[in-house]
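Just so it is clear: chains get the letters A, B, ... in the order the sequence lines come, proteins before strands, and each one is counted from 1.
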Number of protein chains: 2
Amino acid sequence: MADKAGGQRGRRPQGQDAQPNEPTLTRERIAATAVNMLDAKGLDGLTMRGLAEAMGSGVMSLYWHVENKEAVFDLALDTVLEYSAPTSLQDWRGDIVHVLDDWRATMLRHPWSALLLPRRVLGPNILVRLERLSTCLSAGGVAEADVNAAIWSLWNYVMGATVTRASFGPSDADRAVSQERLAELGSLYPFLGRSRLLLDDDWDGTFRRGLDFLLDGIAPKR
Amino acid sequence: MADKAGGQRGRRPQGQDAQPNEPTLTRERIAATAVNMLDAKGLDGLTMRGLAEAMGSGVMSLYWHVENKEAVFDLALDTVLEYSAPTSLQDWRGDIVHVLDDWRATMLRHPWSALLLPRRVLGPNILVRLERLSTCLSAGGVAEADVNAAIWSLWNYVMGATVTRASFGPSDADRAVSQERLAELGSLYPFLGRSRLLLDDDWDGTFRRGLDFLLDGIAPKR
DNA sequence: CAATTGACTCGTACAACGTACGATGCGATG
DNA sequence: CATCGCATCGTACGTTGTACGAGTCAATTG
């Protein structure tokens with residue numbers, strides 16, 4: 001019966017010999033745990049109760065450090081999106097590709113982030129990335145008047161690509177089914193039926209080729 | 001007091017003089033009502049109970065016509081995305097712009113759809129649009145080998161643009177705040193701080209300019 | 001030392017949700 | 001009349017986010 005209440009379970013292992021790896025509740029620790037849990041169980045897998053349990057604390061304790069669940073999402077998102085711009089500026093086009101590749105890769109490493117970002121944009125770490133894009137474009141000689149439009153188009157492109165990729169999930173089965181349905185309806189969709197559009201699973205390659213299109217268009221005309 | 005139980009409220013106005021505008025429960029009617037409710041109260045505003053009440057039926061009756069709530073989303077999404085390709089093929093670039101403009105406009109007219117589409121792609125009406133893109137590109141002389149990449153890049157672009165636009169919502173306040181925060185942190189984000197990137201609210205114009213970049217890149221090189 | 005304060009933790013409780021299940025009513029068919 | 005399918009719906013359960021207030025403990029103050 002002892003388990004019934006569970007009650008004081010765990011308690012804080014306060015005092016002397018508490019493992020040092022159980023600090024106390026902290027925004028950072030909450031963020032980190034949330035990221036783990038999101039990675040493991042996906043967007044819907046994160047519940048406040050689960051989060052609390054994973055950290056060995058009571059549910060309501062979280063609310064001392066965090067406004068509400070949305071704030072947890074924000075925290076996790078920004079945690080994951082940290083960016084360290086590395087190389088120097090020389091090949092503007094290569095630099096931009098690097099920013100966007102890294103961006104995309106990060107989001108795909110945590111697929112929930114791609115589904116989340118559209119709803120809560122503009123955490124600090126996003127701004128870092130935008131800033132970097134900005135400098136790259138300027139350095140590349142893109143006309144001042146074009147820079148903003150270029151940034152947004154790049155943003156749109158990554159955003160769309162990752163969101164799409166993440167939503168298709170790793171299961172190629174869905175796409176295969178769709179493509180099959182397409183083939184049946186060959187009369188309705190002659191082009192699509194023939195093109196195997198939905199079967200192509202070279203996501204990275206497709207991403208790069210599309211990005212090249214875009215950069216070709218952005219590159220200063222001479 | 002009569003309202004207390006509500007109970008048999010409404011009932012089916014079965015029999016002779018029922019208004020013809022209250023058919024019976026129907027997938028189509030459910031879809032339509034869901035769209036209205038989504039338009040009015042947003043993504044989270046749609047609840048099965050609310051939906052049922054809006055149609056004057058019991059909650060569980062819905063489940064006879066619909067698998068679950070997700071199915072309702074699918075239904076509503078595809079309802080909204082219906083597309084009638086109008087004009088003939090002549091100016092491939094103009095045609096593509098038309099497809100994408102219409103696409104974007106439709107989604108922005110129902111902002112929830114932009115947030116939904118990333119999760120549940122490839123309803124039939126989406127395919128119509130993709131097919132249309134496909135023919136336009138081919139007609140425009142884009143190399144066969146480039147068509148798929150081009151389609152996906154266009155898809156990514158619209159998707160990213162609409163999703164972003166929808167998430168910013170009509171409230172410019174958020175962006176203003178962010179831009180202000182940017183100005184304060186001018187040292188961290190010199191370019192962004194100066195560019196008023198976040199203040200620009202000519203969404204349509206920006207969309208078109210970015211799309212031009214992309215199409216410039218896609219256009220067959222000569 | 002005792003009293004107080006404020007940072008922090010947590011159990012309980014509630015309202016809202018999606019939906020499983022089974023009961024009910026109905027028109028058509030035997 | 002009996003039977004059967006389609007269609008409707010009430011009730012009930014489990015799960016969720018979180019409001020509220022009571023609890024703990026270290027540091028501060030008298």
Side-chain angles (χ1 to χ4, degrees), chain A residues 1-18 22-30 33-34 37-38 41-76 112 116 119-120, chain B residues 3-16 18 22-31 33-34 37-38 41-76 112 116 119-120:
Chain A
M1 296 306 171
D3 63 345
K4 159 59 183 317
Q8 308 305 51
R9 161 197 33 105
R11 204 53 161 174
R12 173 103 346 270
Q14 98 252 35
Q16 60 286 27
D17 60 354
E22 288 261 6
T24 13
L25 246 33
T26 291
R27 279 180 80 89
E28 289 77 24
R29 204 162 82 92
I30 292 181
T33 316
M37 185 159 287
L38 284 166
K41 317 208 218 175
L43 250 195
D44 299 332
L46 181 72
T47 69
M48 294 304 265
R49 289 177 226 264
L51 189 55
E53 191 181 3
M55 325 207 334
S57 79
V59 198
M60 291 316 288
S61 310
L62 299 177
Y63 286 86
W64 176 258
H65 305 269
V66 153
E67 179 103 352
N68 46 27
K69 192 182 182 182
E70 298 247 306
V72 176
F73 280 134
D74 287 344
L75 233 43
W112 47 271
L116 216 47
R119 310 219 211 188
R120 25 207 71 272
Chain B
D3 64 346
K4 160 58 185 322
Q8 306 307 50
R9 161 197 30 101
R11 201 53 161 176
R12 174 106 341 271
Q14 97 250 37
Q16 58 290 24
E22 287 261 2
T24 13
L25 244 32
T26 292
R27 279 179 80 91
E28 289 76 24
R29 205 162 80 93
I30 292 181
T33 317
M37 184 159 289
L38 283 166
K41 318 207 219 178
L43 250 195
D44 299 332
L46 180 72
T47 69
M48 295 305 265
R49 289 177 223 261
L51 188 55
E53 190 181 3
M55 324 206 335
S57 79
V59 197
M60 292 317 288
S61 310
L62 299 177
Y63 286 87
W64 176 258
H65 306 268
V66 152
E67 178 103 350
N68 46 29
K69 191 182 181 180
E70 298 246 306
V72 176
F73 280 133
D74 287 344
L75 234 43
W112 47 270
L116 217 48
R119 311 217 210 188
R120 25 207 71 269

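When the C1' atom of D:dT16 is taken as reference, atom CG of A:N68 falls 14 Å away, rounded to whole Å. The distance between atom CG of B:L25 and atom P of C:dG25, rounded to the nearest whole Å, is 19 Å. For the pair B:Y63 OH and C:dG22 P, the interatomic distance rounds to 17 Å; values are reported in whole Å. One can place CG of A:L46 at 14 Å from C1' of D:dT15, the figure rounded to the nearest angstrom. As a whole-Å value, the separation of A:R49 CZ from D:dA19 C1' is 13 Å. In this structure, the CZ atom of A:R27 is 15 Å from the C1' atom of C:dC8, given to the nearest Å. Atom P of nucleotide D:dC20 and atom CG of A:L62 are separated by 18 Å, given to the nearest angstrom. Atom P of nucleotide C:dC10 and atom CD1 of A:I30 are separated by 11 Å, given to the nearest angstrom.
The side chain of B:S61 contributes an N or O atom lying less than 4.0 Å from OP1 or OP2 of D:dC9. Under 4.0 angstrom from either OP1 or OP2 of D:dA7 there lies at least one side-chain N or O belonging to B:W64. Under 4.0 angstrom from either OP1 or OP2 of C:dT9 there lies at least one side-chain N or O belonging to A:H65.
Once rounded to the nearest 0.5 Å, the distance linking CE of B:M37 with CD of B:E53 reads 8.0 Å. Here the straight-line distance linking atom CZ of B:R27 with atom CG of B:L62 works out to 12.0 Å at 0.5 Å rounding. Taken to the nearest 0.5 Å, the NE2 atom of B:H65 stands 5.5 Å off from the CD1 atom of B:I30.
The side-chain heavy atoms of B:V72 and B:M48, taken from C-beta on, include a pair separated by under 4.5 Å.
Comparing D:dC9, C:dT19, D:dT18 by their nearest atom to the side chain of B:S57 picks out D:dC9.
Comparing A:T47 and A:M60, the nucleotide of DNA chain D nearest to each residue sits closer to the 5' end for A:T47.
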